[in-house]
Amino acid sequence: VIVMDGKSDDIAYHSKYVRPYYLEDYKNPASVAEQIIDCTSTLPEKPVVLNTGDRWLLCLSEHREVLDKHVHMVIPSSTSVNTVVDKHLFQQYTRGKNYSVPNSWELSSIEQLQAIVEIMTFPVVVKPECSHYWHAEDCVSEFGYTKAFVINERQELLDLWTRLDK
């Protein structure tokens, strides 16, 4: 089993069956694809690649044509991947199907937030458009590894926005 990740302390590395392969430039999808090809090119047969997160899923999906020649992957179509990973696209999809889903807002300024905060029902869950956006070093140093914030009141939401907007 070969585990590839950009963080050498990832839990996937902690198995006696694992041969670790540290990705040097894991934030650059094209580089990741090249590194996967380099790592697997000397193997006697095509290995199976198992996805361990949204960032990797997007990378595999984006470089499917090139990677298919070197590895086996079981992932949905690029359209499906993007729809599921991107919360805005997922919201559009569910509304188009008339599914019952909670309200969602895509905001890019404090002014937009202030315009709608009074109509929000608390608690609310705050998440980025794509979860791997919060894996950037500045976000991790400020908030730790988090997927979402549960916010119980208006002022708490406004205060969080100020911290996120840095």
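What you see is a predicted model; the values in this text were computed from it and never measured.
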> Should Tyr93 and Ile75 be counted in the same cluster of Ile, Leu, Val, Met, Phe, Trp and Tyr side chains packed under 4.5 Å apart?
Replying inline: no
>> With rounding to the nearest 0.5 angstrom, report the OG to CD distance, Ser104 to Gln92.
In response: 10.0 Å
>> Assess the residue pair Leu158 and Ile110 against the criterion (side-chain contact (heavy atoms from CB on, under 4.5 Å)); give the C-alpha distance rounded to whole Å, side-chain angles, the decisive distance to 0.1 Å, and a yes or no.
In response: CA-CA 8 Å; Leu158 294 169; Ile110 187 72; 4.0 Å; yes
> If every non-hydrogen atom of Asn103 is compared with every non-hydrogen atom of Gln91, which pair is closest and at what distance?
Replying inline: C-NE2, 4.4 Å
>> Please check: side-chain N/O of Thr94 versus main-chain N/O of Phe90, any donor-acceptor pairing under 3.5 Å?
In response: yes
> Can you name the nearest heavy-atom pair linking Ala33 to Cys59, along with the distance?
Replying inline: N-SG, 4.4 Å
> Does a side-chain heavy-atom distance below 4.5 Å link Leu67 with Val49?
Replying inline: no
> Is any side-chain heavy atom of Leu58 less than 4.5 Å from a side-chain heavy atom of Glu62?
Replying inline: no
> Should Val101 and Ile119 be counted in the same cluster of Ile, Leu, Val, Met, Phe, Trp and Tyr side chains packed under 4.5 Å apart?
Replying inline: no
> Quick one: NZ on Lys127 to OG1 on Thr146, what's the gap to the nearest 0.5 Å?
Replying inline: 9.5 Å
>> Could you walk me through whether Glu118 and Arg154 satisfy the side-chain contact (heavy atoms from CB on, under 4.5 Å) test, starting with their C-alpha distance in whole Å, then the side-chain angles of each, then the deciding distance to 0.1 Å, before giving a yes or no?
In response: CA-CA 8 Å; Glu118 296 303 328; Arg154 177 184 179 279; 2.5 Å; yes
> Is the number of heavy atoms from other residues, nucleotides or ligands under 6.0 Å of Gln155 CD greater than 12?
Replying inline: yes
>> As a test of understanding, state which of His70, Lys69, His72 forms a side chain to side chain contact (heavy atoms under 4.5 Å, CB included) with Lys46.
In response: His72
> Passes side-chain contact (heavy atoms from CB on, under 4.5 Å), Leu160 versus Phe143? Steps please.
Replying inline: CA-CA 11 Å; Leu160 176 63; Phe143 303 105; 4.1 Å; yes
>> On a heavy-atom basis, which atom in Val85 and which in Leu57 lie closest, and how many Å separate them?
In response: CG2-CD2, 4.1 Å
> Below 4.0 angstrom, N of the basic side chain to O of the carboxylate: do Lys87 and Glu106 qualify?
Replying inline: no
>> Membership question, hydrophobic clusters at under 4.5 Å side-chain separation (ILVMFWY): are Trp56 and Val84 in the same one?
In response: no
>> In this structure, would Val125 and Leu89 fall into the same cluster of hydrophobic residues linked by side-chain contacts under 4.5 Å?
In response: no
>> Restricting to non-hydrogen atoms, name the atom on Leu157 and the atom on Met120 that form the minimum distance, rounded to 0.1 Å.
In response: CD2-SD, 3.5 Å
> So how far is it from Asp54 CG to Lys147 NZ, rounded to the nearest 0.5 Å?
Replying inline: 6.0 Å
> To the nearest 0.5 Å, what is the distance between CG (Leu164) and CG (Leu107)?
Replying inline: 11.5 Å
>> Rounded to the nearest 0.5 Å, what separates atom CZ in Phe122 from atom CD in Glu156?
In response: 8.5 Å
> Quick one: SG on Cys39 to CD on Glu34, what's the gap to the nearest 0.5 Å?
Replying inline: 14.0 Å
>> If you apply the rule side-chain contact (heavy atoms from CB on, under 4.5 Å), what do you find for Val32 with Arg55, and how did you get there?
In response: CA-CA 11 Å; Val32 169; Arg55 180 183 339 134; over 6 Å; no
> Does Leu60 reach the side chain of Val81, with side-chain heavy atoms less than 4.5 Å apart?
Replying inline: no
> Nearest heavy-atom pair of Asn152 and Pro123: which atoms, and what distance?
Replying inline: OD1-CB, 3.5 Å
